[in-house]
Amino acid sequence: MTDKLVHLTIDNIPVSVPPDTLVVDAAKQAGINIPVFCYHPKLHPVGMCRMCLVEIGRPLLDRASGEFVRDADGAPKLQFSPKLETACTTPVTEGMVVITNSQKVADARREVLEFILTSHPLDCPICDKGGECPLQNLTMEHGPGQSRFLFDEKMHLDKHVPLGELIYLDRERCIQCGRCVRFQNEVADDPVIAFSQRGRALEIITQSTPGFDSIFSGNTTDICPVGALTTADFRFAARPWELKAAASICQHCAVGCNIVFNVRREALQGGRMVIKRVMPRQNEQVNEIWICDKGRFAYHYVESPQRLTQPMIRKDGALIEAEWDEALDLVAKKLTAYGASLVTLAGGRLSNEDLFNLYSLTHTQGGQAVLYSYMAGGDLTAQVGIPPQTDLGKLGAGCVILVIACDLHEEAPLWWLRIKAAAQRGASLIVLNPRTTRLDRYARHVIRYEYGAELAALSAFQPQSRGDLPEPVRSAVKTFQEAENVIILYGSEGLGLQESKALAHACAGLLIKTYHIGRSNNGLVAAWHNANLQGAWDMGFSPINNLAETLSKAGVTYVVATDPAGDDPQLAEALQHSGFLVVQDILMTETVKMADVFLPAQAYMERGGSYTSGERRLQRFYPAVPPPGNTLPDFAITARISQRLGRTAEEQSPARILLQIAATNPAYAEMDYQLLAQVHEQQPLMGRHDLYYGGTTYENRQGLGAHLSTAASRVEPLNIPDAPPPPVFPVQEGLLTVVPTTRLYDRGSLLIHSNLLHQRLAHPTLTMHPKTAEAYQLSRGQTAVMLLEKTPYRVEIDLDEDLPHGIALLPRSVGIPLNAPQAVKLRPES
Amino acid sequence: MITITVGTATCGVSAGADKVLETLSSLVQEKGQGKVVLAETGCMGMCYKEVLVEVSNGDGKFLYGDVTPDIAKRIFEEHVLGGRPIEELVILHNYQEGPEEGYLKRQRRIALRNCGFVDPMSIDDYLARDGYKAIEKVLKTMSQDELIEEILSSGLRGRGGAGFPTGMKWRFARQQPGSEKYVICNADEGDPGAFMDRSILEGDPHSVLEGMMIAGYAIGARNGVIYCRAEYPKAIVRLRQAISDATAAGWLDHTFPGTDFSFHIKIKEGAGAFVCGEETALIASIEGRRGTPRPRPPYPAVRGLWGKPTIINNVETFANVPWIVLNGHEAFASVGTPKSKGTKVFAVTGKINRGGLVEVPMGISINEIIYDICGGIKDNKKFKAVQMGGPSGGCIPASMGDTKIDYEEITQTGAIMGSGGMVVMDESTCMVEMARFFLEFTQNESCGKCTSCRIGTLRMLEILERIVEGKGEAGDIDVLLELGNQIKSTAQCGLGQTAANPVLTTLKYFREEYEAHIHNKKCPAHSCALLVNYVIDPEKCTGCTVCAKNCPVNAISGERKKTHFIDQAVCIKCGKCITVCNFDAIYKD
C-alpha cells in the first residue's frame with residue numbers, strides 16, 4: 001500500500017489508489033458507485049454483464065521519449081478508446097480519465113438493464129431478493145421506465161430447480177452473471193456448479209451427486225445479485241424489509257464467524273420473534289463475508305419442540321416441573337452439604353460470562369471445574385497463541401503456516417478458506433497429517449505420518465534436528481527454518497485428550513524454541529471443536545483424563561450445556577454413581593433425564609454474551625429472539641446459586657461480568673462491551689446502500705471484536721507445564737485400532753435438530769484401507785459390530801485406498817463414544 | 001506413365017469423388033497396372049465443376065469437370081487407354097485453355113500455390129515444390145529479428161479477418177520474457193459459406209506446418225497447436241498424416257543441426273462452437289475450459305495459452321509465410337494495395353455461376369471477382385449484393401461493386417474483409433431475410449457470456465422474425481438501429497460487437513426493403529413466404545383448371561374456361577400453382 005500511488009480522475013474527482021486497482025474499486029473510493037452485476041470484489045473479474053461500462057481516456061504517450069504528449073496549455077492529450085470499457089476489468093493507469101456520468105454511459109446502462117429485464121420475470125412482489133436486490137435497485141436508478149419489447153416474447157423457464165436439497169435455482173431470474181460459479185471455483189474450490197449450454201440457453205447446473213455438494217453453498221445465495229439462488233430454508237419465508245438484524249457469532253466451531261440473525265415477528269408462532277435466516281456479517285479479520293452451511297442452517301435447535309423451559313426436580317423418581325426458587329434452593333442446599341466434592345462439567349458452547357460465573361462458584365466451593373472436551377492446549381495458546389495484529393487474511397510470502405493433525409475443511413471451514421487463500425498469496429503451507437485432506441492441494445510441503453506418530457513427525461522441525469532428513473521432510477524443514485513468521489495450527493485428527501495435550505505441548509515448545517511467539521503472525525492456534533473452548537480455558541476450565549472416575553466420585557455434579565450421558569454409556573454409568581446431579585441445558589438430553597434438578601437455560605441467541613475464538617479474538621453476540629418460557633441465561637442461573645450460598649455474583653448484565661473477567665485475566669484487561677462493539681470501515685467496501693455485492697446484512701455495524709493479547713506478547717514470563725508423558729498408540733494383536741476424525745456435519749446435539757442438513761450428516765461408518773478390511777473379512781457396505789468398552793456398536797464399513805493400513809477411521813459424534821485412538825474387537829454382523 | 005488425379009477434398013467428395021476414385025481405381029487395377037498412376041489432390045478452387053479429374057500424359061494436363069463414375073469410365077477407356085482426350089468434356093488444358101480458362105486468369109496463387117497440384121498426403125510432393133526450404137533458409141540465414149522484420153516489411157496482415165499486421169503480433173510475442181511460448185494455428189473456420197482454410201488444410205497441410213515452424217522460430221516457441229474444428233474430419237486426417245510425415249522426415253520434433261530449434265505440433269479438435277474462433281475463447285477451449293472469450297488486454301501475445309506468450313494466426317496467414325520467406329518481402333509487397341499487400345483467398349458462394357475458391361491480388365474489385373472470374377450471376381439474374389465476412393461482416397450492394405479488395409476500403413462500406421466468405425445475392429434474395437439468417441446464426445452461436453450478445457441479439461432477432469412474417473411495426477427500424485449500435489459498443493468480444501453488422505449494413509443500403517415489409521407487408525424480392533401473394537393474371541388465364549387440381553389446399557376456384565381465382569386466406573404459398581401453370585398466368589405479388 002505504501003508503493004507509489006496511481007493518480008487518475010473519475011468524473012473530475014481526483015483519486016489516488018494503489019497500482020492494479022480496478023477502475024470500479026477506485027471509483028468506490030471516490031464515492032462513485034459504478035453499477036455492477038457480475039463483478040464482485042472477492043471474485044476474479046470477468047466483464048460479463050456489461051453493466052459497468054464507462055468511458056476511459058488515457059494520456060497519449062510519446063513512444064520515443066515515454067513522456068505524455070501535451071496540449072498547448074500543458075495538459076496531457078487524452079486518447080479515448082472508441083468503445084466503452086468495463087470498469088471491472090480495467091486496472092487504473094497514471095493520468096487516466098474516467099467518465100461515468102455521460103450520456104453514452106447512461107445509454108449503455110439503460111440498454112443493458114433493458115436487455116436483462118426483457119429476460120427477467122418481474123415477480124419482485126414474491127421474490128426473496130425483493131427489497132435487497134441489486135437488479136431492482138439499479139433498475140430504479142439507471143433503467144428504462146418502460147420496456148420496448150413485447151411481453152409475450154419474454155422467456156419462461158423453470159422456476160423451482162433444486163440444485164441440491166439446500167439451494168434452489170430460479171432459472172427465469174438468473175441473469176447469468178456467474179458469481180455463484182466463480183465463488184465455487186475460486187473461493188470454495190468446489191467446482192460443483194457450472195454453466196451449461198450457450199447463448200440465451202446458458203444456464204446454471206450442478207455437476208455433483210448429491211447436488212451442489214459444497215459446505216459453502218449458501219454463500220452463493222448471498223452474492224447472487226438477483227433472486228435466482230435461494231436457500232431451501234429461507235425461500236418464500238419472509239421479505240427482507242420485515243427482518244430485523246441481530247449481530248451474533250457463529251457457535252459451531254472455533255473460527256467465530258460474524259453472523260447476523262434475521263428475525264421477524266411471526267403470526268404462525270403466536271406473534272413471537274423468530275429467526276428467519278442466518279447471514280454472514282463482514283469481518284475481514286475473521287470470516288470476510290462468508291460462512292459455511294453448518295453455520296447458516298444449524299440454528300433450528302432453538303425452535304425445537306424439545307426445548308425445556310421450566311425448572312424440574314426429581315420427585316419419586318420422576319422429573320417434575322418446579323419453580324426457580326424451589327429448584328435453586330435445593331441445589332444450594334446440596335452444595336452446602338457436599339461442599340468441596342462439587343464437579344462442574346461445562347460444555348464449549350457457553351459464553352465467557354457463563355463460564356466465569358460457573359468457575360467462580362466451583363472455585364469458591366473448592367470444587368473441580370472440568371471442561372467437556374477431547375482437546376487440550378488452551379493454557380498454551382493463551383501464552384504463545386497468535387497475538388493482536390495477526391490476520392490470516394493478510395498472510396503471504398515469508399510466512400509459514402504449519403497445520404498438523406487436522407482436517408481443516410471439516411474442523412474449521414472458514415480457516416480452510418483463509419489458509420488456502422494465504423497459500424495462494426504466497427504463504428508456505430506445510431501440512432502434516434496421516435491421510436489426505438483437502439488442504440494438501442495448497443500445501444508447499446505435505447508430510448504423511450502414521451497415526452500416533454504426530455510427535456515424531458513434528459520433532460523433525462526442532463532446531464537441533466539433523467540434516468539427514470528424508471524428503472519431503474527436509475525441504476519442509478528448510479522452509480520452516482527460513483520463515484520469518486510461523487503459525488502452527490493443530491486439530492484433533494486421530495487424537496484423544498492425552499495425545500492432544502502432548503501435541504499442543506510439542507507445538508508450543510517448537511514455537512518457543514524457534515522464537516515464533518509474541519509477535520504478530522506467529523504463534524499457536526487450536527482448531528477447537530466448540531465455539532468457546534478457548535474462552536473456557538481462559539476462564540479456568542480444563543479437560544481431565546479420568547472423567548468417568550471423577551464424576552462417579554463427585555458429591556454434587558453440575559453439568560452445564562453438555563450431554564455426557566448421551567455421548568458415552570461409561571459416563572452415564574459414572575453419573576449414576578455420582579451424588580446429586582444438577583443439569584443445566586436448553587434441550588432434553590440423556591443427561592437431563594438423569595438429573596436430580598434440571599435448570600432451563602437460554603440459547604445463546606436469546607441473550608447476550610461473548611465468545612473467544614480459536615484465534616483468541618473476543619467477540620460479542622447480542623440477543624436475537626426473546627427467551628421462551630421460564631428460562632434464564634446460564635450466567636444468571638449460576639449467579640443465583642452463588643447468591644444462595646452467600647456470595648455476590650452478577651446475574652443481570654453480562655457486560656459487568658466481562659469487566660470482572662478483565663479485572664482478573666490480564667489477556668482480557670482492556671476488554672469491555674463498548675470496545676467489542678467498535679467498527680471501522682472494512683475493505684473491500686461491501687455494505688452501503690447500493691448492495692451490489694450481496695444482501696443487506698453484510699455491513700458490520702455492531703462490532704468487530706478485539707484480539708486478545710498473549711502472555712508472550714505482553715512479555716510476561718511463560719508458564720509452560722512439564723511435557724506430559726508421550727501417549728502410547730494402542731496396538732494390540734487381534735484388535736483393530738480405530739482413530740477418531742472430525743466431521744463438520746456430525747450428529748451433535750444441536751445440529752441434529754436441523755432437518756435440512758440430515759441428508760449430509762455423518763454416519764457411524766468405519767473407513768479403512770481395502771487390505772485392512774480384507775484382514776477382517778469385511779467388504780464395503782457391510783455392517784460390522786465393534787466392541788467398545790464391552791458395548792457393541794453397529795458400524796458400516798467403507799473403504800478408502802488412500803488410508804494407511806492397519807487402522808480404521810470413525811467420525812466423532814455419530815453415536816459411538818470414541819474420542820481417542822483405541823484398539824477394538826471387530827467382527828462382521830452375523 | 002500416365003497420371004490420373006482426382007480432387008478428393010471435401011468439395012470433391014460431396015460431389016461424388018469417392019465413387020469416381022473407386023471406379024478409376026478398379027479400372028487401373030484391372031487394365032492399367034504399370035502404365036497408369038492414380039493420385040489424389042486437394043481442392044483447386046473450381047468447386048462448381050467437381051468432381052474434377054485430371055489426366056496427365058505426354059500431351060499435357062487435361063482437366064475434366066462434372067465427372068461421374070460413367071464419365072470416369074469413358075475417360076479411362078478413351079483418353080487414358082485410347083489416348084484420345086474427350087474434347088467436349090475437357091474444361092481446361094494445361095491450366096490455360098478451355099471453356100473455364102477465365103476462372104484462373106485473374107487469379108494469383110500464393111496461399112493456394114500447391115492446392116490441386118500436390119498430393120496432400122505426400123510429403124515428397126510438397127518437398128518437390130520447395131517444401132520446407134523456407135524453414136531451412138530461416139534457420140540457416142536469418143536471426144529471429146531479421147525474420148520478423150522480413151514479415152513486417154512484406155506487409156502481411158492477419159487473414160482471419162481483422163487484418164492485424166502479422167509481423168507486429170510476432171514482435172510483441174518475441175519481446176515477452178520467458179522461454180515457454182506457443183504458436184497456435186486458428187483452423188476453427190466457422191463462417192457460413194467460408195471454406196478457404198479447409199481447402200488449404202486438405203490440399204496443402206505441410207505449408208501450414210512450415211508456416212507455424214517459422215513463426216515458432218521467430219518468437220522463440222517450441223510448441224504449436226492447430227485448433228481445427230471437428231467438422232473438418234478430412235482436414236484433420238490430412239494434418240495428422242502431414243505431422244507424422246514431417247516428424248518422420250526430421251522436420252518436426254527434431255533439433256536442427258547447428259541450432260537449438262525444434263518444434264512440436266499437436267492438433268486440438270474444436271467441439272463445434274463458432275465463438276472458439278475468437279482467440280481468447282480458442283485458448284480457453286484448448287485449456288479444457290468453456291470456450292468463452294475473456295476481456296483483452298492482456299492480449300495472447302502477452303498472456304495466452306497456459307498464461308504464456310502466444311501468437312494465434314489463421315491457416316491462410318501461415319500458408320503465406322513460407323512463400324514470403326522464399327520469395328522475399330518485396331515480391332509479396334509488390335502485389336496489392338498500399339495498405340493491403342499480397343493476395344486474399346475468397347470462398348465465393350451463392351447465386352454465382354462459378355462458385356469456389358479464388359485467390360486474387362489485393363486491390364482487385366468486387367465486380368472483377370464476380371463477373372470476370374466467377375462468370376457473373378446464375379440464371380442471368382441481377383446482381384444485388386454480396387455479403388462479405390460472414391455473420392460478422394456486412395452487405396455490400398451491387399452499386400458499390402467497384403469497391404476494391406482492401407481492408408480499409410471494405411471496412412468503410414460497413415462490411416469487413418473477414419476471413420474470405422463471399423455470399424453473392426441476386427434480386428430474388430430478400431435482404432431482411434438474409435440479415436435475419438445471419439443474426440440467427442450468431443444468436444445460436446453466442447456463448448452467452450455477456451448480456452449484450454446473449455440477450456441483445458435475441459431481441460433483434462425477434463424483431464426481424466416479426467418483420468419477415470409481416471408483423472413488423474412502425475418504429476422497429478429505429479429500435480433495430482439503436483440496439484445494433486448499442487450491442488456494437490457494449491458487447492465483450494468480436495462476435496457480439498459485429499453481430500449486428502448484417503442488420504446495420506442492410507439497413508444502410510436496403511432500408512426500403514425493411515420499410516416495404518413493415519409498412520406494406522410486402523417482400524420486394526418475393527422471397528418471404530408469408531408476404532407473397534400468388535395471383536392469377538386474368539389476361540393470361542385460360543381456365544384450364546390445372547392449377548386448381550394441383551392446389552393441395554383447394555385455394556383455387558373457377559369454372560372451366562373461365563378465369564380462376566386464388567383465395568388468399570386459404571393459400572399456403574407453396575408455389576405449386578406457378579410451376580404447373582402452362583400459360584405463365586400466375587405471378588407473385
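The basis for the numbers below is simple: all heavy atoms, side chains too, and nothing from hydrogens, waters or symmetry mates. Model, not experiment: these values are computed from the prediction.
By the 4.0 Å N-to-carboxylate-O rule, Arg466(B) lies too far from Glu462(B) to be salt-bridged with it.
Of the two parts of Gln497(B), only the side chain, counted from C-beta on, holds a non-hydrogen atom closer than 4.5 Å to a non-hydrogen atom of chain A. For a residue to count as touching a neighbouring chain, one of its non-hydrogen atoms must lie under 4.5 Å from one of that chain's; by this rule Phe37(A) does not touch chain B. Interface remark: Arg110(A) contributes side-chain atoms only to the contact with chain B (heavy atom separation under 4.5 Å). For chain B, the nearby part of Thr89(A) is the side chain; its heavy atoms alone come within less than 4.5 Å. Interface remark: Ile487(B) contributes side-chain atoms only to the contact with chain A (heavy atom separation under 4.5 Å). The part of Leu53(A) that comes within reach of chain B is its side chain, from C-beta onward, which places non-hydrogen atoms under 4.5 angstrom from that chain. In this structure, the portion of Arg148(A) lying under 4.5 Å from any heavy atom of chain B is its side chain and not its backbone. There is no contact between Glu85(A) and chain B, counting heavy-atom distances below 4.5 Å. Looking at Gln176(A), both its backbone and its side chain come within 4.5 Å of chain B, counting heavy atoms on both sides. Proximity to chain A (any heavy atom under 4.5 Å) is restricted, for Gln486(B), to the side chain, taken from C-beta onward. Heavy-atom distances place no part of Arg294(B) under 4.5 Å from chain A, backbone and side chain included.
In summary, the side chains of Ser196(A) and Glu203(A) do not present any donor paired with an acceptor at a separation below 3.5 Å, with no hydrogens or angles considered. Side-chain contact annotation: Glu409(B) with Thr411(B), donor-acceptor N/O pair under 3.5 Å absent. With hydrogens and angles left out, the side-chain atoms of Asp190(A) and Ser214(A) include a donor and acceptor closer than 3.5 Å. Ser65(A) and Asp62(A) share a donor-acceptor pair across their side chains, judged by distance under 3.5 Å alone.
Annotation: maximal heavy-atom pairing with chain A below 4.5 Å, among Gly291(B), Ala491(B), Pro293(B), occurs at Ala491(B). Taking Ser446(B), Gly475(B), Cys453(B) one by one and counting their heavy-atom pairs under 4.5 Å with chain A, the maximum is reached by Ser446(B).
Annotation: cation-pi pair Lys268(B)/Tyr227(B) absent, no NZ/CZ under 6.0 Å from the ring centroid and within 45° of its normal.
Atom CD1 of Ile34(A) and atom CG of Asp25(A) lie 9.0 Å apart (nearest 0.5 Å).
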>> As a quick check of understanding, evaluate side chain to side chain donor-acceptor pair (under 3.5 Å) for Tyr232(B) and Asp188(B), giving each step before the final call.
In response: CA-CA 9 Å; Tyr232(B) 284 177; Asp188(B) 194 46; over 6 Å; no

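The backbone N or O of Thr118(A) sits less than 3.5 Å from a side-chain atom of Arg459(B), completing a donor-acceptor pair.
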